[in-house]
Number of protein chains: 2
Amino acid sequence: MPGKPGSGKSVRRKSELGAARSAAVASESPWARPRRRSREREIKRDAVILTAARAFQRRGYHNTSLDDLAALLGVTKPTLYHYVTNKEEILFECFRTGLDQIRAGLREADASDAPARDRLALVVRRYAAAITSDFGWCMVRAEDQDLSHEMGAAIKALKSEIDQGLRRLLRAGIGDGSIAIATEPKLTAFALAGALNWMGHWYRAGEALSSDEVAEGFMVLFGVGPATKAQRGRYNGRSKTAQSSGRKE
Amino acid sequence: MPGKPGSGKSVRRKSELGAARSAAVASESPWARPRRRSREREIKRDAVILTAARAFQRRGYHNTSLDDLAALLGVTKPTLYHYVTNKEEILFECFRTGLDQIRAGLREADASDAPARDRLALVVRRYAAAITSDFGWCMVRAEDQDLSHEMGAAIKALKSEIDQGLRRLLRAGIGDGSIAIATEPKLTAFALAGALNWMGHWYRAGEALSSDEVAEGFMVLFGVGPATKAQRGRYNGRSKTAQSSGRKE
DNA sequence: TAATATAATTACCGGTGAGTATCATGCGGC
DNA sequence: GCCGCATGATACTCACCGGTAATTATATTA
């Protein structure tokens, strides 16, 4: 139906539409109907994203058709379009969900006043957990090539934020003496991110090591772990503090 | 043409075919020679693979049609089928070509009697060079998901060979005292491979650091570089020999 | 129960892209 | 000149897939 308002080619986020509506029509009109954000809907949308992430992980983005995805969910393809605007958006959400897990760890670390080494360890653990999660594949393997310009740029920004966060922690660690590395933070961050991202390729559920253990191993490997002797002399034994402090984990 | 011998569904390597033929028909028959291994043909085939690798790197495997590829080569699609059996084979060759560069480095290292640390350094340099080459993308980003079972298994085997080679070198280094790492070889190899593979994502031609320099940096980072106190003697006199070969950037 | 919004379905469209059947040309050897 | 072969182009098929229109089912509310 060509006359239906708002159904044009432009990609309209449902939320934006809703916001515009409620802002325009004010609140006393009976039509301003608070747009009962039925929780149900978001749950289903999340199920679409999660199922898609798993399917993409197994068969790849391009080898997973929307019919496949719909079948996995026990519905038909058009139903999917009630929750997402197109396939690209699904990939984008997978991307974002995974990256957000890491960014959450980063913010958590920023809010802490533990030594930088411990904050970095936290982020690395979160990173490893995210990579080995259902959304890990999308972060590592899916490529910006499959995203539109805007979405690709958005993902790139998120990735950059994570990269910068790692570098900042490394610099902070050098500053407060809790980290001693032999190479510059930039290269170190690249190497660390690479090692972590690669987990997405080899780490399988049921691996002998938990993702936390791998994260710990990488910290040691990069010379910023508790087992490094170089650390011992530089700053005292308080390195365990944040490790066992009330963090949920 | 269903009648043409050897043109069935099975993927036959041209070289194997040629070898089998010449072995069977001996060398005096006038029909034995027609295998005029016209060098021209292999050159063209290589061009197909290389051009494909570059296109895949930029736009991705699934976003590059054979028509695109043909256009890049200034021919039409059916022409491509004179040199490869299908698109999958192109991807496989890209994979293999890249991996072979690393395997060559591995064999080179095995043939050397230098300390394991230097042999590892050589492999890491070769690895970094391969990843930043035109075929780097295929090794890292392209996934086995797009390959048939047999080809996927073949690639997996090659990858495993490389992984085992890295572990072997690490163990050898621990054995001869030229490498001192704080974690087990398996995890170290994963981290090292990950850091190197990730170069395919961030390294661009014209980067401030050459791939050799990055490789050197990683060696340092992983505690097996020349800056490590465990290595006091600059015993590496020959490690520069192979360094300058191969890179064009 | 009527009105309405949402949810999901059936049936389709348009485009694309891998792979093929068939014909045309150039070339070396007889 | 003719045959065989390699190489290439034109024009096509065939299936799949993303996305949509029209329609039915379900639930909520007045």
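In this text the structure is predicted, and so the values were computed from the model without any measurement. Atom set for the values below is all heavy atoms of this structure, side chains included, hydrogens, waters and symmetry mates excluded. Convention: sequence-line order gives letters A, B, ...; per-chain numbering from 1.
Taking the six-membered ring for Trp and thresholds of 30 and 60 degrees, B/Y61 and B/F56 have ring planes more than 60 degrees apart, a perpendicular arrangement.
When each of C/dA11, C/dA18, D/dG19 is scored by its nearest atom to the side-chain atoms of B/Y81, the top-ranked nucleotide is C/dA18. The B/N86 side chain lies nearest to C/dG19 when the options are C/dA7, C/dG19, D/dT7. Closest contact between the side chain of A/Y83 and the listed nucleotides D/dG8, D/dC17, C/dA8 involves C/dA8. Side-chain proximity of B/H82 to the nucleotides C/dA18, C/dA8, D/dG8 is greatest for D/dG8. Comparing C/dA8, C/dT10, C/dA18 against the side chain of A/P78 picks out C/dT10 as the nearest. Ranking D/dG18, C/dA7, D/dA9 by closeness to the B/T79 side chain, first place goes to D/dA9.
B/S160 contributes no side-chain N or O that, together with a main-chain N or O of B/K156, makes up a donor-acceptor pair within less than 3.5 Å. Listed for the B/D163 side chain is no donor-acceptor partner under 3.5 Å among the backbone atoms of B/K159.
Summarising the geometry, the separation between CD on B/E42 and C1' on D/dT7 is reported as 16 Å, rounded to the nearest angstrom. Whole-Å rounding puts the A/L73 CG to C/dA8 P distance at 10 Å. As rounded to whole Å, 14 Å separates atom C1' of D/dC17 from atom CG of B/N63. One interatomic measurement links the two molecules: CD of A/E88 to C1' of D/dC17, which rounds to 16 Å at whole-angstrom precision. The CG-C1' distance, from A/L66 to D/dC16, rounds to 12 Å in whole Å. When rounded to the nearest whole Å, the span between NE2 of A/H62 and C1' of C/dT16 equals 14 Å. For the pair B/R59 CZ and C/dG17 P, the interatomic distance rounds to 10 Å; values are reported in whole Å. Distance CG (A/D67) to C1' (D/dA15): 13 Å, rounded to an integer number of Å.
B/K44 has a side-chain polar atom (N or O) that falls below the 4.0 Å cut-off from OP1 or OP2 of D/dG8.
A donor-acceptor contact under 3.5 Å is formed by the side chain of B/K77 with the base of C/dG19.
The shortest non-hydrogen separation linking A/N86 to A/Y81 is CA-CE2, 4.0 Å.
A cation-pi arrangement is present between B/R167 and B/F190, with the terminal nitrogen or guanidinium carbon under 6.0 Å from the aromatic centre and inside a 45° cone about the axis.
Contact annotation for B/T76: base contact, defined as any heavy-atom pair under 4.0 Å involving a base atom.
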